[in-house]
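In listed order, ligands and their atoms are each counted from 1. Keep in mind that the numbers below use all heavy atoms, side chains included, and drop hydrogens, waters and symmetry copies.
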Amino acid sequence: MQSIKWSNGRLTLLNQTLLPGIVDYIECGDYRRVAEAIRRLEVRGAPAIGAAAAFGLVLGARELAGQSLDFREALRQIADELRQTRPTAVNLFWAINRMLSAADKAPSTVSPVELLALLEQEALRIMEEDREVNGRIAQHGLVLFPHAVEAVLTHCNAGALATVDIGTALGVIRQGWQAGKFKRVFADETRPLLQGARLTAWELKEDGIPVTLITDSMAGWVMKQKKVAAVIVGADRIATNGDVANKIGTYSVAVLARQHGIPFYVAAPVSTFDFSIAGGDEIPIEERNPQEVTAIGGTLIAPDGIDVFNPAFDVTPAELVSAIITERGVLRPPYGPAIRSLRK
Ligand SMILES: CSC[C@H]1O[C@H](OP(=O)(O)O)[C@H](O)[C@@H]1O
């Protein structure tokens, strides 16, 4: 299952809001449709959002190439529109900045058409690098399982649908299962948008990996009953001190894991680290439409107009994180020095 496809200058996104029941695709003819897809979570997951935005800039550059205007300034305006789609996943900003940097490095004499070709190559590199990074994260994750365990738990979806390839947390899970490190995965449904139930359970079932779906409120009891030996989740932004922003509910899982003496692992590429912030309290947390909480599939599950708090992410403090699995290896606390070394 490919979340994103670029072929013959056309961007195709798997519409994740319709999964698992409907497998349908969105053909993005211009950057505005890409921005809408990110806002709607038709494409979602930090690395996937970054890659989609990169190709959104390519579509924008193609639109500009035929116009007589300040190409680079107009491209920066399109980049700003893409930046405003979602605030938490740092990969969005990392990818956009990388694309603009590629354009800025080009000589001022290059034509818009030549810049367009250069931007397309950079977006393709971002996609290919994510593919390679997924594989390296999966490999490094194996060291965390020297002995086979019964099962692991994951929250939300950090799989193929959140990246360009096999995923981050689900990449580790796929590799671990293939290596016989565990026999089953417990997947939190992940209210309110159910990325666990709709996406992770679907991905793992498609791969033939035994998966048990649970509601978010069951995670503690599953741990109390010793049904899982580790937690593996993804991330949307990691601060220099190791604080981790991830889907809402992740912090609760981390606290429960600590209570039950279960290791809590985070799998994330270096592109998810935000070296500009010291701690998690600087991470912007997206708040989304209250109707995501008060309705499911258009059916009201709460009084209409009820007050709602709907943060899409929370921040797990570094002291609750047992290890961070990156493509450069496994980081252990204290995270500061190890994370700063990633920057080089
Ligand atoms: C590999 S990043 C996946 C990360 O992104 C998800 O958020 P969303 O579905 O809102 O894009 C969630 O936090 C996942 O852990």
Side-chain angles (χ1 to χ4, degrees), residues 1 3-4 13-17 19 37-53 85-95 129-131 133-138 141 153-174 187-203 216 231-238 243-254 264-274 280 283-289 292-293 310-316 321 324-327:
M1 65 224 40
S3 60
I4 298 173
L13 303 175
L14 175 56
N15 185 344
Q16 298 189 34
T17 62
L19 291 174
I38 294 171
R39 275 192 293 270
R40 289 179 175 179
L41 276 72
E42 288 167 328
V43 60
R44 37 108 354 241
I49 290 172
T85 52
R86 295 186 75 189
T88 306
V90 73
N91 299 63
L92 173 66
F93 309 98
W94 168 84
E129 286 172 18
D130 190 57
R131 190 170 286 117
V133 160
N134 281 197
R136 294 209 293 272
I137 290 173
L153 181 141
T154 192
H155 187 78
C156 198
N157 173 262
L161 294 170
T163 63
V164 170
D165 193 48
I166 58 172
T168 54
L170 287 199
V172 173
I173 284 172
R174 286 180 158 108
D188 285 352
E189 65 173 355
T190 316
R191 282 272 295 150
L193 294 180
L194 304 174
Q195 288 94 325
R198 296 186 302 107
L199 308 179
T200 292
W202 185 69
E203 281 198 42
D216 301 332
V231 175
I232 311 170
V233 297
D236 291 84
R237 191 182 304 220
I238 303 175
D243 291 349
V244 176
N246 196 52
K247 182 55 47 194
I248 187 70
T250 303
Y251 169 63
S252 306
V253 169
F264 178 88
Y265 299 130
V266 173
V270 171
S271 56
T272 299
F273 288 77
D274 184 347
I283 299 174
I285 299 297
E286 178 184 14
E287 290 196 31
R288 295 183 61 85
N289 187 327
E292 293 178 353
V293 176
N310 184 21
F313 301 96
D314 56 28
V315 176
T316 298
V321 180
I324 303 175
I325 311 155
T326 76
E327 66 273 30

Given side chains that start at C-beta, do those of Phe264 and Thr250 come closer than 4.5 Å, heavy atoms only? yes
Students should be able to answer this: which protein heavy-atom is nearest to atom 12 (C) of ligand 1, and at what distance? Cys156 SG, 3.4 Å
State, yes or no, whether a side-chain contact exists between Arg237 and Trp94 at a heavy-atom distance under 4.5 Å. no
Under 4.0 Å from a heavy atom of Gly45: which atoms of ligand 1 are those, numbered in the order shown and with their elements? 3 (C), 5 (O), 11 (O)
For Ala46, counting its heavy atoms only, list the atoms of ligand 1 lying under 4.0 Å from any of them. 2 (S), 5 (O)
Which residue owns the protein heavy atom closest to atom 13 (O) of ligand 1, what's the atom, and how far is it? Asp236 OD1, 2.5 Å
In ligand 1, the atoms that come under 4.0 Å of a heavy atom of Pro47 are 1 (C), 2 (S)
What atoms in ligand 1 come closer than 4.0 Å to a heavy atom of Ala235? 2 (S)
Can you tell me how far apart CZ (Arg191) and NZ (Lys247) are? Round to the nearest 0.5 Å. 12.5 Å
Check ligand 1 against Ala162 and write out every atom of the ligand that is under 4.0 Å from a heavy-atom position of the residue. 1 (C), 3 (C)
Can you confirm whether Tyr265 is buried at OH, in the sense that more than 12 heavy atoms of other residues, nucleotides or ligands lie under 6.0 Å from that atom? yes
Please list, in number order, the atoms of ligand 1 under 4.0 Å from a heavy atom of Gln195. 8 (P), 9 (O), 10 (O)
Are any non-hydrogen side-chain atoms of Thr154 and Ile173 less than 4.5 angstrom apart? yes
min-distance protein heavy atom vs atom 1 (C) of ligand 1 -> Thr168 OG1, 3.4 Å
Top protein contact for atom 9 (O) of ligand 1, by heavy-atom distance: Arg44 NE, 2.8 Å
For Ile137, which of Val270, Ile166, Ile325 qualifies under side-chain contact (heavy atoms from CB on, under 4.5 Å)? Ile325
Could you tell me whether Arg288 and Glu286 have a side-chain N and a carboxylate O separated by less than 4.0 Å? yes
Report yes or no: does a heavy atom of Asn157 sit under 4.0 Å from some atom of ligand 1? yes
Any Glu286 heavy atom less than 4.0 Å to ligand 1: no
Against heavy atoms of Arg86, which atoms of ligand 1 measure under 4.0 Å? 8 (P), 10 (O), 11 (O)
So Asn310 and Glu287, side chain to side chain donor-acceptor pair (under 3.5 Å) or not? Walk me through it. CA-CA 5 Å; Asn310 184 21; Glu287 290 196 31; over 6 Å; no
Residue and atom name of the nearest protein heavy atom (relative to atom 15 (O) of ligand 1), distance in Å to one decimal: Asn246 OD1, 2.5 Å
Would you check if Leu153 and Val253 make a side-chain contact, meaning some heavy-atom pair closer than 4.5 Å? yes
Side chain proximity check, Glu189 to Arg198, heavy atoms < 4.5 angstrom: no
Does some non-hydrogen atom of Ala312 fall short of 4.0 Å from ligand 1? no
